[in-house]
Amino acid sequence: MSEPFYITTAIAYPNGKPHIGHAYEAIATDAIARFQRLMGRDVCFVTGTDEHGLKMDQTARAAGKATRDLADEMSLYFKQMCETLDISADHFCRTTSEHHHKASQAIWKRLEASGDLYLDRYEGWYSVRDEAYYDETELTDGEGGQKLSPQGTPVAWTVEESWFFRLSKYEQPLLEHYAANSDFIRPDSRKNETVKFVEGGLKDLSVSRTSFDWGVKVPGSENHVMYVWLDALTTYISAIGFPDDTEEWRKFWPASVHIIGKDIVRFHTVYWPAFLMSAGLPLPKQVFGHGFLLSRGEKMSKSLGNVVDPMQLAELFGVDALRYFLLREVSFGQDGSYSPEAIVTRVNADLANSFGNLAQRTLSLIFKNCEGYLPAIRGHHDDDIALLDLVGATVAQHIPAHYEDLAMSQGLESWMQAVFACNAYVDVQAPWALKKTDPERMETVLATLFICIAQLAIAALPIIPGSATKLLDQMGVPVDVRNFKNAGSHWYSPLAESNFQIAQPVGLFPRLEVPAEEGTAA
RNA sequence: GGCGAAGUAGCUCAGCUGGUUAGAGCGGUGGAAUCAUAAUCCAUAGGUCGGGGGUUCAAGUCCCUCCUUCGCUACCA
């Protein structure tokens, strides 16, 4: 029985098309999910869209559409993005689904049964124009003493009936949980922020709204809809069956890790655990808040006009090139910077010049000098052993250790070091020269390289699944070898003896060029 | 204002609990090689580790202070 591993992305809020940040999160989560599958874990990977709330309603109205139609349309963009980027999610969930409504109402009833919900009034400065409450400190004084919101719209003191959740009750339990589970919130900087925040005291949370109705109806209070976050967070359990007693639910909850952006850490590390405690359900084992992608070091925003469409990038550079760049260049957990130049430089250096060329030169030599048959090994030299050991240790130990720690960029750094060692080995051994002086030795050298390249391709599968698979296909590596457990097993000789023959190798990692029209944002 | 993170070679960054000549990749320079995607390999470029002060036999690595950048500071997500 393999150990279950349940991982989720944040459930994206689709009041616009997906941007590079959504793509980044999906890609990173996918790489982790794929890695765990290759480690033999039984993986469940969930992503989806969080479609309720005021913003969706407003966006739809502004576009002159029915909210449901907008949700359908936008959610589809996210789903398509996942397909395009090779995201291997097991479930794509929508909070508008019937089952999800049922689950949200079920968790609501559990909170209620715990005595953690009470009806009260929410008071504050409300802007009708913005349909939002503002804190006193955010307001400015307009003409005639009229108080204005940050958007410059008039606000008025408003009282609204609302259900409240006794968040305050969970202050100590949460702090105890953070202390007892040091890995619950990662990276540490996010954990510190959360702990300080909770230590500062928790107020009860308003968890229903009556000012709009685009959401999950509160059981027994039909004029209330649930606070979007309560509903959205519930996706993590509704996706695998809750409240029904399904096999998936029993197997996969609690989640191994929620991968989220650093902006929504609080919702996942304070509200969500508190809701779960109240509901009597186990807490996820970890919440990881990744950083943001900056465009040339600047925040991306619609007003700056530097928002990047991930679909366009994938089309321009290739899905695997984009995936590789994001996971190699950005240290997971920290902010990262993106630019077309950076993608081109990184991908050309690592994938095209180093790894791609290594595979191409090796397979070409085998194709030309061995008629495509895998060369025989006739006794290894020390150099061969050293390379096999280095690549073997990298693939069996170093890379998995980094991936396991969600340090994909460091795993890829180890990967590149092994690639460098292979290229150095090729140059020192010079199989093209051995062809004339010692053909048998040439065969051993090429066989050694073949084994190393296959192992490196396997280690790259979580990051660049498409091209690594194509390479392994070209090389005839059996599917059951393509995982971290079997990559280092003795599969080469059986494959060679099976008379497998490689075809003329085809380059899988083309050199990229910076798009010519790349100019300054107008 | 309060709390926190960061400031290391031209660029992007590694440097855990303090300890030999501060590291990598990219770029630059000089060689080698020619199997390969004008790709590869080898060597190299001498950066006061933001400024100042302190602790220590010894400090990017601990303490203080100053400067700069950034994040969090609750109910739009």
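Values reported hereafter were calculated over all heavy atoms of this structure, with side chains retained and with hydrogens, waters and symmetry mates removed. Every chain is numbered from 1, with letters handed out A, B, ... down the list of sequences.
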Whole-Å [atom1] distance, [N] and [M]:
N	M	atom1	value
B:C63	B:G7	P	14 Å
B:A58	B:G15	P	27 Å
B:A9	B:G47	C1'	4 Å
B:U21	B:G10	C1'	24 Å
B:A24	B:A45	C1'	15 Å
B:C64	B:A6	P	14 Å
B:C62	B:C49	P	14 Å
B:C75	B:C70	C1'	25 Å

Rounded to whole angstrom units, what separation is found between the [atom1] atom of [X] and the [atom2] atom of [N]?
X	N	atom1	atom2	value
A:Leu363	B:A39	CG	P	20 Å
A:Ile260	B:A77	CD1	P	15 Å
A:Phe164	B:A74	CZ	C1'	12 Å
A:Trp229	B:A77	CH2	C1'	7 Å
A:Lys196	B:G1	NZ	C1'	16 Å
A:Tyr227	B:A74	OH	P	13 Å
A:Leu230	B:A74	CG	P	21 Å
A:Leu387	B:C41	CG	C1'	14 Å

Partner nucleotide of [N] by Watson-Crick or wobble geometry (both distances under 3.5 Å):
N	answer
B:G46	none
B:G71	B:C3
B:A39	none
B:G18	none

Students often get this wrong, so: under 4.0 angstrom with heavy atoms, is [X] touching a base, only sugar-phosphate, or nothing?
X	value
A:Arg328	nothing
A:Asn423	sugar-phosphate
A:Gly336	nothing
A:Leu202	base

Centre of A:Tyr271's six-membered ring, under 6.0 Å away, within 45 degrees of the axis: is that where NZ or CZ of A:Arg266 sits?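 Not satisfied by the 6.0 Å and 45° rule.
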May I ask you to check if A:Lys191 and A:Phe184 form a cation-pi contact, with NZ or CZ under 6.0 angstrom from the six-membered ring centre and within 45° of the axis?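 Geometry flag: not set, cation outside 6.0 Å or 45°.
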Base of B:G50 relative to its sugar, syn (within 90° of 0) or anti?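 In terms of base orientation relative to the sugar, B:G50 is anti.
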Do the side-chain N and O atoms of [X] and [Y] include a donor-acceptor pair separated by under 3.5 angstrom?
X	Y	value
A:Glu51	A:Thr95	no
A:Trp415	A:His398	no
A:Trp163	A:Ser221	yes

I need the minimum non-hydrogen distance between A:Asn15 and A:Lys55, along with the two atoms involved.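 Closest pair (atom of A:Asn15, atom of A:Lys55, distance): ND2-CD, 3.8 Å.
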Atom of A:Ser208, atom of A:Trp108 and distance for their closest heavy-atom approach: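 So the minimum-distance heavy-atom pair works out to CB-CH2, 4.2 Å.
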A:Tyr236 and A:His268: CA distance, side-chain angles, deciding distance, ring-ring contact (aromatic ring centres under 6.0 Å, His included) verdict: CA-CA 11 Å; A:Tyr236 300 135; A:His268 286 77; 5.5 Å; yes
Selection from [options] that lies nearest to any side-chain heavy atom of [X]:
X	options	value
A:Ala424	B:A77, B:C41, B:G71	B:C41
A:Gln334	B:C75, B:A14, B:A77	B:A14
A:Arg266	B:C75, B:A77, B:U73	B:U73

Does A:Gln410 make a side-chain N or O approach to OP1 or OP2 of B:C16 shorter than 4.0 Å?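 No, A:Gln410 has no side-chain N/O under 4.0 Å of OP1/OP2 on B:C16.
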Most 5' of A:Ala352 and A:Ser189 on RNA chain B, judged by nearest nucleotide: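 Result of the comparison: A:Ser189.
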Contact string for nucleotides 26-36 of chain B, one letter per nucleotide 5' to 3', B = base within protein heavy-atom range under 4.0 Å, S = sugar-phosphate only, - = neither, reads S------SSBB
Below 4.5 Å, heavy atoms only, C-beta onward: do A:Ser168 and A:Lys203 meet side chain to side chain?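 No, their side chains stay 4.5 Å or more apart.
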